[in-house]
2 protein chains.
Amino acid sequence: MKNWTNDDVETFANLARALGHPARVQILRELILRGECIGGDIADTLPLAASTVSQHLKVLRNAGWIQGRTDGPRRCYCINASSIATFNKLVGEVDARPDRKS
Amino acid sequence: MKNWTNDDVETFANLARALGHPARVQILRELILRGECIGGDIADTLPLAASTVSQHLKVLRNAGWIQGRTDGPRRCYCINASSIATFNKLVGEVDARPDRKS
DNA sequence: TTCGTATATCGTCGAAATACGAATTTCAGC
DNA sequence: GCTGAAATTCGTATTTCGACGATATACGAA
């Protein structure tokens with residue numbers, strides 16, 4: 001595991017916190033499954049009010065997990081691939097081989 | 001990406017939420033760096049009161065990230081490798097290849 | 001047993017998260 | 001311009017989090 005800067009730690013914690021709610025995990029999964037873009041049908045897949053879903057989308061957006069672009073009166077979201085890459089990379093560095101020496 | 005059960009989603013969100021704080025990321029990193037066991041020197045590496053660190057350790061313990069065993073008057077913590085494995089596995093399934101088709 | 005160290009738990013507080021409905025914004029179409 | 005659909009923001013209530021100091025617990029050593 002490489003040395004992490006304080007920024008690395010912050011970045012990782014922020015990305016992780018954004019995933020720390022089942023609804024947001026679902027949203028992210030839904031976006032990955034459906035592809036690059038989705039309107040508020042996401043809300044239909046969740047037992048939550050539209051305004052609540054909108055807030056969860058905002059959290060994911062602020063954390064950098066997703067991006068949204070305007071598409072007429074609706075909004076089209078897609079995964080931000082680089083966030084996933086960053087996250088996977090950091091997680092990979094938290095690999096715990098039981099036989100590692102330090 | 002495989003289908004996830006609701007339990008998968010919950011499990012993932014719980015593990016992620018436990019990582020959603022810089023102090024806990026640091027603790028986990030410290031445990032990985034130092035090896036299997038560490039007393040409350042962890043607290044010395046953080047700018048937090050001992051009781052606060054203890055609470056963070058509890059969160060990590062409840063989430064399954066770490067285990068502690070009693071060692072005289074102190075306590076020895078170590079990473080729970082299976083949690084990391086689970087987390088890495090789930091994260092791996094959230095892989096977003098930009099050229100995936102659905 | 002008594003003392004000191006190491007941890008954990010308790011009680012409290014302000015801050016942040018979560019959820020909802022209502023109000024507002026945005027934009028296509030008439 | 002006005003209307004309706006989609007989405008966000010606002011206001012509010014409730015819950016959970018994060019931090020601390022004080023207290024309690026566990027245990028080795030004196």
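All figures in this text were calculated on a predicted structure; none of them were measured in a lab. Chain A is the first sequence line, chain B the second, and so forth, proteins listed ahead of strands; every chain is numbered from 1.
- Against DNA chain C, the stretch residues 16-25 of chain A makes heavy-atom approaches under 4.0 Å through H21(A), R24(A).
- Picking from dT7(C), dC20(C), dC27(C) the nucleotide with the shortest atom distance to the side chain of R74(B) gives dT7(C).
- Remark on DNA chain C: of its neighbouring residues K58(B) and G72(A), the 5'-side contact belongs to K58(B), judged by nearest-heavy-atom nucleotide.
- As a whole-Å value, the separation of D41(B) CG from dA6(C) P is 9 Å.
- One atom, CZ of R69(B), and another, C1' of dA26(D), lie 16 Å apart when rounded to the nearest Å.
- Taking only side-chain atoms of Q55(A), from C-beta outward, the nucleotide of dC20(C), dT7(C), dC20(D) with the closest atom is dC20(C).
- For the pair S54(B) (side chain) and A50(B) (backbone), a donor-acceptor distance under 3.5 Å is absent.
- Looking at W65(A), its side chain never comes within 3.5 Å of a backbone N or O of S83(A) through a donor-acceptor pair.
- The separation between H56(A) atom NE2 and dT8(D) atom P is 13 Å, rounded to whole Å.
- Side-chain proximity of L48(A) to the nucleotides dT9(D), dA19(C), dT9(C) is greatest for dA19(C).
- Of all nucleotides listed (dT7(C), dG21(D), dT9(D)), dT9(D) comes nearest to the side chain of S54(A).
- Nearest heavy atom pair, residue L48(B) against residue H56(B), reads CD1-CD2, 4.0 Å.
- Of all the heavy atoms in L15(A) and A63(A), the pair that sits closest is CD2-O, 3.5 Å.
- Where T70(B) and P47(B) meet DNA chain D, the nucleotide closest to each residue was compared, and P47(B) sits on the side nearer the 5' end.
- Base pairing of dT15(D) is made with dA16(C), judged by Watson-Crick or G-U wobble geometry with both donor-acceptor distances under 3.5 Å.
- Per the geometry, CD1 belonging to I27(A) stands 13 Å off P belonging to dA7(D), to the nearest Å.
- Among all heavy-atom pairs drawn from D8(A) and N3(A), the shortest one is OD2-O, 4.2 Å.
- Between dA8(C) and Y77(B), a contact under 4.0 Å exists linking OP1 or OP2 to a side-chain N or O.
- Closest heavy-atom contact between G20(B) and R17(A): O-NH1, 3.2 Å.
- Residue P73(A) has its side chain nearest to dA5(D) when only dC20(C), dA5(D), dC10(C) are considered.
- A side chain to side chain contact (heavy atoms under 4.5 Å, CB included) with V9(B) is found for one member of Q26(A), H21(A), R24(A) and no other, namely Q26(A).
- Protein atom CG of L46(A) is 14 Å distant from nucleotide atom P of dT18(C), rounded to whole Å.
- Atom CD1 of I42(B) is separated from atom P of dA8(C) by 9 Å (rounded to the nearest Å).
- Distance, D71(A) CG to dC27(C) P: 11 Å, rounded to whole Å.
- A side-chain donor-acceptor contact under 3.5 Å links T11(A) to the backbone of D7(A).
- Regarding L57(A), its CG atom lies at a distance of 13 Å from the P atom of dA19(C), rounded to whole Å.
- Residues S51(A) and R61(B) both approach DNA chain C. Their nearest nucleotides, taken by heavy-atom distance, put R61(B) toward the 5′ side.
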